[in-house]
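Reading through the structure tokens given below for one structure.
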Amino acid sequence: FAETKGGISEGPVRRIEVFLDDPQGNDPQATALSLIRQDTIELAGGWRQSNWFGLYLDHGNGWIYHQIHGWLYLAADGNDGIWAWDQERGWFWSTKEFYPFISQAETASWLYLLGFVDGQAVFFDYGTNSLDY
């Protein structure tokens with residue numbers, strides 16, 4: 001709006017979005033989002049399809065909702081990888097080159113994302129040579 005001697009004038013509402021696409025940035029959450037945002041397709045409702053990380057909804061505060069992993073909190077590793085935290089798995093790490101392989105920090109195991117079955121992500125755990133739900 002603008003206020004002048006003639007009164008208050010309300011103009012149209014404008015909204016801008018600012019994206020940090022600099023992978024060398026200082027904010028680990030913004031940098032992680034820029035890494036998964038590279039080469040994405042924007043879909044309806046704010047959803048994005050990453051050519052390597054899959055379908056996700058960015059909530060703009062470091063949190064995303066991933067189609068398979070569910071809620072994830074992201075942070076960049078300082079190189080080209082991302083750390084992701086979820087309630088079930090804890091912290092895991094991956095990169096564009098390695099995903100769907102992930103390294104789970106708590107167990108120091110490599111996991112391979114096989115898919116999504118009955119509402120759960122299914123992994124092959126190379127540390128135990130078994131399926132992990």
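Counting only N and O atoms by type, the side chains of Y73 and Q29 include a donor and acceptor under 3.5 Å apart.
For the atom pair CH2 of W83 and CG of L72, the computed distance is 13.5 Å after rounding to the nearest 0.5 Å. Rounding to the nearest 0.5 Å gives a distance of 10.0 Å between CD of E106 and CZ of R89. If you take OH on Y56 and CG on L33, they are separated by 7.0 Å, rounding to the nearest 0.5 Å. Distance check, rounded to the nearest 0.5 Å: OG1 of T95 to CZ of F101 gives 11.0 Å. To the nearest 0.5 Å, the span separating CD on Q67 from CZ on F53 amounts to 11.5 Å.
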Show me the donor-acceptor pairs within less than 3.5 Å that the side chains of residues 117-128 make with the rest of the protein, sequence neighbours left out.
from : atom 1 : to   : atom 2 : distance (Å)
D125 : OD1    : S109 : OG     : 3.4
D125 : OD1    : G127 : N      : 2.7
D125 : OD1    : T128 : N      : 3.3
T128 : OG1    : S130 : OG     : 2.7

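T31 places no side-chain N or O within 3.5 Å of a backbone atom of P28 that could act as its donor or acceptor partner. Without hydrogens or angle criteria, S103 side chain to W110 main chain gives no donor-acceptor distance under 3.5 Å.
Between R48 and D39, no side-chain nitrogen of the basic residue sits less than 4.0 Å from a carboxylate oxygen of the acidic one, so the salt-bridge criterion is not met.
W93 approaches G81 most closely through the heavy-atom pair NE1-CA, 3.9 Å.
Side-chain rings of W71 and H59 approach one another, their centers coming within less than 6.0 Å.
Remark: D86 engages no residue in a side chain to side chain donor-acceptor pair (under 3.5 Å) (not counting sequence neighbours).
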